[in-house]
There are 2 protein chains.
Amino acid sequence: MSAVQKPVIGRPPVTSRAQIEAVSFHLFATQGFEETTMEEIAAALDVGRRTLFRYFPSKNDIPWGQFDASLANFRQTLLDQPNHIPLFEAVHRAMIAFNRFDNEALPQHRQRMTLILRTPSLQAHSVLRYRQWRAVIADYVADRLNVPASSLVPRMVGQVSLAIALSVYEQWLDGDDRTLEEIFNLTDFALREYADPSKGNR
Amino acid sequence: MSAVQKPVIGRPPVTSRAQIEAVSFHLFATQGFEETTMEEIAAALDVGRRTLFRYFPSKNDIPWGQFDASLANFRQTLLDQPNHIPLFEAVHRAMIAFNRFDNEALPQHRQRMTLILRTPSLQAHSVLRYRQWRAVIADYVADRLNVPASSLVPRMVGQVSLAIALSVYEQWLDGDDRTLEEIFNLTDFALREYADPSKGNR
DNA sequence: TGTCTTTTGGCGCTCAGTGCCATTATATTA
DNA sequence: TAATATAATGGCACTGAGCGCCAAAAGACA
């Protein structure tokens, strides 16, 4: 597990993803996402606009921060689930673990999710990120069921899990005072009630 | 049920949504969505670029055609479901009805959905359309359960139903030779299996 | 023929995103 | 100390979506 070797030759970077993220968040929070131009962010960082696009492929990617990296954790968390618990339960637990944050990190996380889930342009872009997240689930499910990840059940579980997570976050951002974990529990319970065939005819 | 009264005074339109859609589809099919500029579409129609934006708010909206109008049907289809069948079943039936197409209309529909579901820019934009679709479901569920449409269960059912529909279309476009209805049945069955609490501990 | 109404479409602008490439800042080597 | 290799920088110019503004066009009707 070697750390990424940063090159010792060549001109050193003048900024970093973290710094860009911090400055951008500040601007987004004060004047809004759509109202903040890449030009302004570059100016605030005293960096060329062109340079920003080397750190983030698009403006829409800035709010996502370390999402890509945390997907690896998510994958591992799923693999860590014991095989003897039901699939639904394993996914449920992994989702909760993935969405657990320290109390100090929570306000920041809330702000990030508000930005992503309430800004139309970011909502749209987020689909492309969610795809990776769903793929992690689909891969796990495919593994457990010994079927291709592109088959019906793995994909359906990926889509449905995302649906659950989005429902949870909508509820959370809407002012529900419960913790994310509690809302996850509620939502998964509600899904089971909703889908329970024994509750109705046919 | 009065038809939309088209004004008899003023300059008559030089084109129509339907015509723009037809010409655009042809261009999208031959050279791809991203590779087709609004300029080209305008030229093909012999119309000003500016005019296109009066018929469609964005390039991304062109492939959606009559989606908005068909949402009204979807709402009605849900309301037409008998109240005595379980919620899950009612939503299931309405989704199938909403996605029933004549055999002649199917190839066109497949092409449209391929475009929407496989073009990154359209995938992203589609979220904004799905929101309306989910709202129709959430409203119906809220009505049946007598709770606010913004509460947990209606929203969760909206999200999960969308998840199901997307799974179905992915499977369909992936080459599954079954009909959309058959795949809907399969997918809903798989969801019930997945979520069934009696299948596992806890 | 003139007036009223509505659509059209050209013009000019903003902003995201991209290819190109000379410049800059550092470490290493001679 | 000076030359060199390397990698990041950032300016420039371009494309394409989208939008505000407004004069011109095209019919209906009096």
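Keep in mind that the numbers below use all heavy atoms, side chains included, and drop hydrogens, waters and symmetry copies.
Between Tyr55(B) and dT8(C) there is a side-chain polar atom (N or O) within less than 4.0 angstrom of OP1 or OP2. Between Thr37(B) and dG16(D), a side-chain N or O to OP1/OP2 separation shorter than 4.0 Å is absent.
Separating the CG atom of Leu52(A) from the P atom of dA8(D) is a distance of 16 Å, rounded to the nearest angstrom. Between Arg11(A) atom CZ and dT28(C) atom P the separation is 18 Å, expressed in whole Å. Distance CZ (Phe53(A)) to P (dC20(C)): 17 Å, rounded to an integer number of Å. Regarding Leu45(B), its CG atom lies at a distance of 16 Å from the C1' atom of dT7(C), rounded to whole Å. Glu39(B) has its CD atom 14 Å from the P atom of dG18(D), to the nearest Å. dG2(C) atom P lies 21 Å from atom CD1 of Ile9(B), rounded to whole Å. Taking atom CZ on Arg50(B) and atom P on dG12(C), their separation rounds to 15 Å, with Å as the unit. Nucleotide dT18(C) holds its P atom 15 Å from the CZ atom of Phe56(A), rounded to whole Å.
The aromatic rings of Phe28(B) and Phe25(B) sit tilted relative to each other, their planes meeting at an angle between 30° and 60°.
Across every non-hydrogen atom of Tyr55(A) and Arg17(A), the tightest pair is O-NH1, 2.8 Å.
The side chain of Lys59(B) approaches dA17(D) more closely than any other nucleotide in the set dG9(C), dA25(C), dA17(D). Closest to the side chain of Pro12(A), out of dT26(C), dG10(D), dA24(D), is dT26(C). Closest to the side chain of Arg49(B), from the set dG10(D), dG9(C), dA17(D), is dA17(D).
Summary of the strand contacts: Met38(B) and Val47(A) both lie near DNA chain D, and taking for each the nucleotide with the nearest heavy atom, the more 5' one is attributed to Val47(A).
Heavy atoms of other residues, nucleotides or ligands lying less than 6.0 angstrom from CD of Glu39(B) number 12 at most. More than 12 non-hydrogen atoms from other residues, nucleotides or ligands lie less than 6.0 angstrom from CZ of Phe101(A).
Nucleic acid contact for Thr36(A): sugar-phosphate only, since backbone atoms but no base atoms lie under 4.0 Å from a heavy atom of the residue.
The side chain to side chain contact (heavy atoms under 4.5 Å, CB included) test with Val160(B) singles out one residue from Ile137(B), Val91(B), Leu191(B), and that residue is Leu191(B).
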